[in-house]
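Structure record follows, encoded as structure tokens.
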Number of protein chains: 2
Amino acid sequence: MITINDIAKLAGVSRTTVSRVINNSGYISEKSRKRVMDAIAETGFVPSQHAKSLRTKQTKIIGVILPKISTDTSSRTVDGMTEVFEAQGYQILLTRTNLDREKEIEHLRLLQNRQVDGIILIATNTSQELVDEIKDSKVPVVVVGQEIHDVPSIIFDDYAAARHMTQLMIEKGRRHIGYIGVDEEDRSVGVLRKQGYTDAMAAHGLHMEDAWIQKGDFSIDSGYAAMERMMLASYERLDAVFAATDRMGLGAWKYLKRHGFDIPGDIAVVGIGASETSHFIDPALTTIEYAHAQAGRESALVMLQVLQDEKEFCDKKVLDFNLVERDSL
Amino acid sequence: MITINDIAKLAGVSRTTVSRVINNSGYISEKSRKRVMDAIAETGFVPSQHAKSLRTKQTKIIGVILPKISTDTSSRTVDGMTEVFEAQGYQILLTRTNLDREKEIEHLRLLQNRQVDGIILIATNTSQELVDEIKDSKVPVVVVGQEIHDVPSIIFDDYAAARHMTQLMIEKGRRHIGYIGVDEEDRSVGVLRKQGYTDAMAAHGLHMEDAWIQKGDFSIDSGYAAMERMMLASYERLDAVFAATDRMGLGAWKYLKRHGFDIPGDIAVVGIGASETSHFIDPALTTIEYAHAQAGRESALVMLQVLQDEKEFCDKKVLDFNLVERDSL
DNA sequence: CTGAAAGCGCTTACAG
DNA sequence: CTGAAAGCGCTTACAG
């Protein structure tokens, strides 16, 4: 391995000088600079980031914890983050939890070992353990998708979005509206979206059967199964179903198509997420678009800010949503 | 920051001893171990990975270079890699090139600075510069998606897949078959798939008009535009179109639907990739499934092997493909 | 404009 | 079973 010492020797200067030209800091004569540059070019020397980090306590690496890699939500978010980090010379260390809550905590620890400068967590719950772990973190943490008190968070207005969507269905004359949600440990998706739905229903004096509220696990298949349970168990005839995520909505959609229902004639299907697939199916899914790429960008921006100012930036940032009316309602 | 020295002091032992218990190496009395463990628990000490890497020359981080983050191909591949790396305690440093060839080279360099243990490159070209850069790399490189001589590569049999698909169209009675490809700098997708198509056509003595062969840039929109050009410029009536990727196929499909063509009655559309969306559209896209997750897993396995044996593992591995017949042909 | 020296937090022969 | 010491490759006051 070739080191700064080799370059110093080759260029006939001290390693201090080499360090200066590498980092472009302090005064340096043109002559020295050139000799060092030549030596570097000749040898293909690249400075060791570890030695550097050991001194400077800075790695220019941001750890990112995601629930799943292969979903539209994750990839759009990461895409947005990459955009701003790249321009600042930061890189991203990626880990996934596969929706395992324990792993969120485990990865939070692991990433600190890696001495990342900061951690962005796409969170799926707000358990006390998680909160404690975040608060104990030696490096700044920014959370996306869940609101955590005293921690900078980028969130969407899940309650308003779900309420808005439910309202829309009611305005369009739907009365018997089912709901496919997720576990309530996920506050944003499991609690707030559901509440938006139930509140809107209640506000209009609409009754909900127990069987109308089903749970999935974010997957397409679970949406399919939830839809099936709903149809089999419900006493009154449903005329609409609201899935908390597009993927589960897709599953419901598939079940209904396969069983000969007319969408939206017999029953409407709507989701949240504006996934790519939701746009191409026929009838195309009415859904709500979240600006995931923007959430990624914002989270990166906030991280950069915290990193620079050192001051605790504890705000939350609520991003807009956008109703995408298509043909399934 | 709390360091190994603090622990040593607290536990009343030398830092050598602390190092031993951290790494579980060498003999150690139960008494010493316990005192060190207690001190660690009490302080929440985590060893600096940088200091460690500086000594051991090992980081347990693998750099991954992707063209795009938010595509099914990338996310499935990364998902597969993560699966095997995670079990071995490796983590992934992610970078994307946005299909910019220069960035592939730039990131190759950047990642070496980061002192990653190895680099997995999802390549989109096989230019001499890229090959040179790979050969110069100080850390092992594994390539996915392109075959590069003397570098371990995980590839798909693009030629056979495309030829097979074209054959199928011909067997089904199609004679006027258009093709939407990509730039030929991409050997796998741009050259081999196209050749599979032209060879199959030629083998059956089928004529191809110039206008039948169009290029896109992997995006859905580019597929749409290519389809449009093809329809406008071609003299004879097409009865099928083969897109080199599902995304472009989706674009073509959209164009045809929007312009009132019956798929597959008037014209068949097929692709390669088995993207999620391709399955849900109506008519569902006939396509070829590549085992991307497996490619990810294999690439990780090969990397681990190279890392352990230190011996140059220069084989290429060709993964199977799988025809998925649906309704668009 | 330049260099000698200390130090970042670890690991690893070596000696006991 | 344990510790003193050297060294990994850098950066950064400090002195000149």
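Throughout, protein chains are lettered first and strands after them, A, B, ... in sequence-line order, and every chain is numbered starting at 1.
Residues B:E104 and B:T124 have side chains that bring a donor and an acceptor to within less than 3.5 angstrom of each other. In this structure, a donor-acceptor pair under 3.5 Å is absent between the side chains of A:S74 and A:T77. A side-chain donor from one of B:T17 and B:S14 sits under 3.5 Å from a side-chain acceptor of the other.
Rounding to whole angstrom units, CD of residue B:Q58 and P of C:dC10 are separated by 17 Å. Rounded to an integer number of Å, the gap from NZ of A:K52 to P of D:dT11 is 5 Å. Regarding B:I4, its CD1 atom lies at a distance of 14 Å from the C1' atom of D:dA4, rounded to whole Å. For B:E30 and D:dT2, the CD to C1' distance is 15 Å, given to the nearest whole Å. Between B:K34 atom NZ and D:dC1 atom C1' the separation is 19 Å, expressed in whole Å. Going from atom NE2 of A:H50 over to atom C1' of C:dT11 covers 15 Å, rounded to whole Å. D:dT11 atom P lies 12 Å from atom CD1 of A:I28, rounded to whole Å. Between A:I22 atom CD1 and C:dT2 atom P the separation is 15 Å, expressed in whole Å.
Residue B:R20 is the one, among B:R55 and B:R20, whose nearest nucleotide of DNA chain D lies closer to the 5' end (criterion: closest heavy atom). Mapping A:Y27 and A:R15 onto DNA chain C via the closest heavy atom, the residue that lands nearer the 5' end is A:Y27.
Proximity of B:K57 to the phosphate of D:dG9: a side-chain N or O atom is located under 4.0 Å from OP1 or OP2. In this structure, B:T17 reaches the D:dG3 phosphate: one of its side-chain N or O atoms is under 4.0 Å from OP1 or OP2. Within the structure, a side-chain polar atom (N or O) of B:S29 is placed less than 4.0 Å from OP1 or OP2 of D:dT2. Phosphate contact (OP1/OP2 of C:dG3, side-chain N/O of A:S14, threshold under 4.0 Å): present. Listed pair A:N23 / D:dT11 meets the phosphate criterion, a side-chain N or O lying under 4.0 Å from OP1 or OP2.
The pair A:E106-A:K103 does not count as a salt bridge, with every side-chain nitrogen at least 4.0 angstrom from each carboxylate oxygen.
None of B:N98, B:D100, B:L94 except one satisfies the side-chain contact (heavy atoms from CB on, under 4.5 Å) rule with B:R96; the exception is B:N98.
The partner of C:dG3, taking Watson-Crick or G-U wobble pairs whose two distances both stay under 3.5 Å, is D:dC14.
Distance noted for atom C1' between C:dT12 and C:dG16: 16 Å (whole Å).
Note on B:S32: only backbone sugar-phosphate atoms sit closer than 4.0 angstrom, heavy atoms only; bases stay farther off.
Of the candidates D:dT11, C:dA5, C:dA13, C:dA13 carries the atom nearest the B:T16 side chain, counting heavy atoms from C-beta on.
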